[in-house]
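Structure record follows, encoded as structure tokens.
Letters A, B, ... are given to chains in the order of the sequence lines, protein chains preceding strands, and every chain is numbered from 1. The analysis underlying the following values was restricted to heavy atoms, covering all of them including side chains, and did not include hydrogens, waters or symmetry mates.
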2 protein chains.
Amino acid sequence: MSSPQSPRGSARQRVLEASLELFSQHGVAGTSLQMIADRIGVTKAAIYFQFRTKEEILAALLESPLTDLLQVLEDAEEETNSVRRAEIVLSGLIDTVLAHRRGTSVLMRDPGAVLALKQSQTFVRLRGRLEELLLGPRATIEERVRFVVVMGGLTQVGVSPLLAELDDSVLRPLLQDVCCQILESHPRG
Amino acid sequence: MSSPQSPRGSARQRVLEASLELFSQHGVAGTSLQMIADRIGVTKAAIYFQFRTKEEILAALLESPLTDLLQVLEDAEEETNSVRRAEIVLSGLIDTVLAHRRGTSVLMRDPGAVLALKQSQTFVRLRGRLEELLLGPRATIEERVRFVVVMGGLTQVGVSPLLAELDDSVLRPLLQDVCCQILESHPRG
DNA sequence: GTCTATAGATAGATAGAC
DNA sequence: GTCTATCTATCTATAGAC
């Protein structure tokens, strides 16, 4: 499955890494190919050998987070118990966010990325399925607020300096606890 | 205090409203002056009569949210009781977010705005003071996670379609409850 | 206050040498 | 695979007519 010498070469990978870093800092629209090229010490033309457009770079970056997310939804949708379903979605969501911290932050925060994705039916349905699984069709206003706060919170995991140094293994259970607590809207202590 | 004819004229206001809408949708970097001009049916040059640069538009948009936020911090810092202080900050934060839904979403979410603000000492200290007031110097990792989730949640108030239709008066107490509950890290039910 | 016209810079993208 | 050179489009911003 793997050749002795990297089959894809590392140039592509370097472009992706630099782009991800810059996209999450400056936003997609705020990142020029020149900035990416400068960061890895090549010219713009060198990047165009790897990717045909800037959007293609973005698509490549969002591919794994999106794939992971879709898998989580499919896993959850096979579960009939609605409580278990929500658990699967939440833990899967957190795993995805942790596995692709910067990627998911771009995916969920960046205006350009969000807007581009809104034109993709797959993604629009993805949001819908997520809401359906975590909220259900008869969610109260309060439950919606809680849902929005949880999603917003997860949005910040990849960018907050307060969490940057924390390992997945310490962050995961904490996020689980907090998000789970938020979503279980218990009327009072 | 008010002349019979609007003293500032509404042109400036129209630019600000259109910009705010577009900035929050496409991001600052993703919004061109042409887009703003098109939306209000004038030319770019007409905008340059009101504002000298795009950054000046952004600054004008962020002025009130930032002023409100600073006032909240000052109010809170006068309170000696640390629990009361946190309450003042949280409710003030929520009021600010509600009063300037799109403005605060740009302020907190947009990569360009955030980056620009990071070069302003006032804003960097603002973040620090906010953390100091809500977290204190000896915050545990869990408390930091909870803080980040709350801030991330508030980030979404201005952009989430789920909350767009909800009035301040119904959203405020709900956000208060949720955020307060998150920050009061009670070990277990 | 709004327009046309345009400068000057930089964006994304392509062609072709090496 | 990376370079230089260049194209075109668009951007911010300015100047000056109306």
Euclidean distance, atom CZ of residue Phe49(A) to atom C1' of dT4(D) [Å, nearest integer]: 17 Å
Quickly work out the Ile36(B) CD1 to dA13(D) C1' distance and round it to whole Å. 14 Å
Length of the NZ-C1' vector between Lys54(B) and dT10(C), whole Å: 13 Å
How do Leu33(A) and Ala46(B) order along DNA chain C: which one's closest nucleotide is nearer the 5' end? Ala46(B)
dT10(D) OP1/OP2 closer than 4.0 Å to side-chain N/O of Ser32(B): no
Using a cut-off of 4.0 Å on non-hydrogen atoms, how would the nucleic acid contact of Thr43(B) be classed: base, sugar-phosphate, or nothing? base
Any ion pair linking Arg109(A) and Asp110(B) (charged N to carboxylate O, less than 4.0 Å)? no
May I have all residue pairs that pass salt bridge (Lys or Arg N to Asp or Glu O under 4.0 Å) and include part of residues 76-89 of chain B, sequence neighbours excluded? Glu77(B)-Arg129(B), Arg84(B)-Glu87(B)
Taking 4.0 Å as the cut-off, does a side-chain nitrogen or oxygen of Tyr48(A) come that near to OP1 or OP2 on dA13(C)? yes
Provide, to the nearest angstrom, the distance between the CD atom belonging to Gln34(B) and the P atom belonging to dC3(C). 11 Å
Between dT12(D) atom P and Asp38(B) atom CG, what is the distance in whole Å? 12 Å
Would you mind classifying the nucleic acid contact of Lys44(A) as base, sugar-phosphate or nothing, using non-hydrogen atoms under 4.0 angstrom? base
Do Arg146(B) and Gln181(A) have side-chain atoms, one donor and one acceptor, less than 3.5 Å apart? yes
Can you tell me how far P of dA15(D) sits from CD1 of Ile47(B), to the nearest Å? 18 Å
Gln50(B) CD to dC3(C) P: how many Å, rounded? 11 Å
Side-chain H-bond candidate by donor/acceptor type, Gln50(A) with Arg14(A), under 3.5 Å: no
Measure CZ/Phe51(B) against P/dG1(C) and give the value in whole Å, please. 12 Å
